[in-house]
2 protein chains.
Amino acid sequence: MAQADEQQEHGSVSRETSRDTGTLGKLMVLLDLVTHADAPLRFTDILALAGQPRGTLHRQLGHLVEEGLLELDAEGRYAPGLRLLDLAARSWARNEFRLIAAPHLAALHRQTGETVHLGVLRGSSIIYLDKVEGHQPVRMYSQIGNASPCYCTGVGKAALSVLPSARLDALLPGLNFNRFTPSTHVRPETLLAEIRDIAAAGHAFDREEHEAGIRCVAAPIWSDDRSFIGGVSVTGPAYRLSMELLQAWAVPVQLTAMKIMDEMRIRLGPRR
Amino acid sequence: MAQADEQQEHGSVSRETSRDTGTLGKLMVLLDLVTHADAPLRFTDILALAGQPRGTLHRQLGHLVEEGLLELDAEGRYAPGLRLLDLAARSWARNEFRLIAAPHLAALHRQTGETVHLGVLRGSSIIYLDKVEGHQPVRMYSQIGNASPCYCTGVGKAALSVLPSARLDALLPGLNFNRFTPSTHVRPETLLAEIRDIAAAGHAFDREEHEAGIRCVAAPIWSDDRSFIGGVSVTGPAYRLSMELLQAWAVPVQLTAMKIMDEMRIRLGPRR
DNA sequence: TGATTTGTTCCATTATTTGGAACTCAATTT
DNA sequence: AAATTGAGTTCCAAATAATGGAACAAATCA
């Protein structure tokens with residue numbers, strides 16, 4: 001089983017590295033297809049995308065629908081199912097890392113007045129686990145649970161800066177750089193150079209690299225054995241957050257990250 | 001210590017009606033086991049709960065972990081995986097019903113100043129799809145995605161009131177009533193009687209039936225063919241929301257439900 | 001009306017899952 | 001230190017489920 005070890009899926013790209021998870025793997029490919037689409041898919045659309053025999057696909061989709069992972073509307077279109085929400089809600093509610101971090105995020109928010117994010121590195125994506133923001137009407141799922149690329153987000157670059165070099169070397173070639181803004185990294189070399197600087201400084205900036213007009217400063221959070229890597233950030237509009245201000249906030253952001261790590265060692269054991 | 005932040009409702013727990021979804025069904029049982037537990041489970045715990053041969057279980061869990069649906073920590077304990085968050089975020093972001101309802105929920109919130117919920121009936125549970133609330137620090141997953149029983153929530157009882165009687169008759173005997181507060185319904189007869197009243201009135205109250213000190217008024221939302229049933233509600237603390245006030249709010253809540261239904265007919269087609 | 005696209009069912013073949021047992025490794029007891 | 005227990009992992013013939021081609025409906029089009 002010469003399988004790629006651990007790193008996986010870069011965003012919405014198809015999974016070339018087919019995992020050896022038997023039947024489940026095939027079904028997850030379908031689930032990904034439907035959830036990554038930006039509109040409900042007809043049977044034939046999926047047929048073309050999945051490239052499987054009609055009979056097989058029909059049964060697979062039927063199973064996914066019966067389990068509530070997909071939903072089939074009256075017009076015969078497949079959409080992500082509500083079962084996913086229930087499962088995710090439980091996953092989130094109990095996540096130990098998030099629970100530990102929550103009070104520290106709140107404190108950082110009070111200190112800065114800007115939006116605070118908590119994210120985890122998963123493969124080459126950052127999955128946002130929590131955020132604390134102001135009074136705007138809540139659109140939480142718009143961030144929480146969302147997977148963003150690691151190469152153009154503050155939390156992502158901070159996370160990469162504490163990744164063991166072997167894993168970093170394995171991950172970099174697999175990235176497919178997407179130029180979101182003029183300042184997005186698009187070459188592994190420049191990214192790697194910045195990651196070195198970040199590792200030395202202990203914090204990372206997002207200089208409008210993911211979204212024009214949005215800046216952030218982030219610090220990495222990691223377990224001793226690097227089996228867990230994430231980060232915390234303060235984000236806001238560029239007109240309000242000068243680079244000087246962000247530079248000043250690097251200290252409280254790093255302190256927050258350290259407090260979270262300290263508590264993780266206490267609560268989850270120092271080992272890992 | 002990480003547990004217990006969540007009220008544990010176990011609505012339709014064990015699946016007696018083993019679905020015919022082959023391998024997927026068996027894996028989903030495991031996923032449910034782990035996500036419904038209130039702490040990470042060790043291999044042996046799951047072995048006891050699932051009642052399967054060790055070899056089989058080991059491979060199944062391995063597949064779930066490899067797909068990111070479960071996570072295995074350094075101490076050998078299984079917890080829900082982050083992949084679920086990503087999937088759910090996409091499911092939520094695109095949900096047509098939620099998107100249609102959102103502006104109407106916001107309007108209702110402006111009108112009442114209290115928390116507004118949007119929920120969908122799924123089996124015998126209400127899954128909350130959205131909420132609009134005040135300025136308190138956001139704990140959104142604490143509601144969104146959460147499955148609550150239908151017999152003791154405003155949205156749930158409103159939903160039941162528009163359920164075709166055949167489906168209601170099929171659903172009632174399967175409920176296992178859990179007395180959350182002194183006023184929780186615990187017998188199908190009294191629940192059925194109230195549902196009749198709700199059907200006549202067009203709105204439902206939650207008189208501290210799910211959580212002591214919390215009241216709400218809700219109205220049902222349904223598609224013509226009843227393939228889709230949900231509801232909208234205004235919720236708040238009993239000391240602030242007298243029954244008279246709730247009674248007065250029944251009108252705007254019902255109006256909100258109707259506006260949402262009107263727009264659903266336009267956007268999703270009147271057929272269903 | 002016939003032709004075409006779309007969705008569904010069937011079933012022999014094939015591949016995966018199953019489950020008992022043997023094995024490893026660590027912790028605990030004698 | 002040796003033996004015992006407990007927890008987790010690996011193996012492989014047998015049982016079972018998935019596969020995919022083709023035939024069958026059902027809608028849509030020309």
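Just so we're on the same page: letters track the sequence lines, and every chain starts at 1.
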Return the minimal non-hydrogen interatomic distance between B/Arg94 and A/Pro80, and the atom names on each side. NH2-CD, 3.4 Å
So do the side chains of A/His63 and A/Leu69 get within less than 4.5 Å of each other, counting heavy atoms only? no
Look at the rings of A/Phe228 and A/Phe97 and say which category their plane angle falls in: under 30° parallel, 30 to 60° tilted, over 60° perpendicular. perpendicular
When all nucleic acid strands are considered with a 4.0 Å heavy-atom cut-off, which category describes A/Thr44: base, sugar-phosphate, or nothing? sugar-phosphate
Beyond-backbone contact of B/Arg226 with B/Arg167, side-chain heavy atoms, under 4.5 angstrom: yes
Closest-nucleotide ordering on DNA chain C, the 5'-leading residue of A/Tyr78 and A/Thr23: A/Tyr78
Counting the atoms with a prime plus P, OP1 and OP2 as sugar-phosphate, which does B/Thr56 contact under 4.0 Å by heavy atoms, base, sugar-phosphate, or nothing? base
Would B/Glu67 and A/Thr21 count as having a side-chain donor-acceptor pair, cut-off 3.5 Å? yes
Please enumerate all residues that pass salt bridge (charged side-chain N to carboxylate O under 4.0 Å, His left out) together with B/Asp45, with sequence neighbours excluded. none
Sorted by number, the residues of residues 45-54 of chain B with heavy-atom contact under 4.0 Å to DNA chain D: B/Arg54
Residue whose nearest DNA chain C nucleotide is more 5′ - A/Leu24 or A/Gly76: A/Gly76
Is the count of non-hydrogen atoms from other residues, nucleotides or ligands lying under 6.0 Å from B/Arg59 atom CZ greater than 12? yes
Between which nucleotides of DNA chain D, 5' to 3', does chain A make heavy-atom contacts below 4.0 Å? D/dA18 to D/dG21
Mind checking what makes ring-ring contact (aromatic ring centres under 6.0 Å, His included) contact with A/Tyr78, not counting sequence neighbours? none
Within the 4.5 Å heavy-atom criterion, are B/Pro188 and B/Phe177 side-chain neighbours or not? yes
Is there any side chain to side chain donor-acceptor pair (under 3.5 Å) pair reaching into residues 49-58 of chain B, and which pairs are they, with sequence neighbours excluded? B/Gln52-B/Gln60
Shoot me the first and last contacting nucleotide of DNA chain C against chain B, ordered 5' to 3', at under 4.0 angstrom to non-hydrogen atoms. C/dT17 to C/dG20
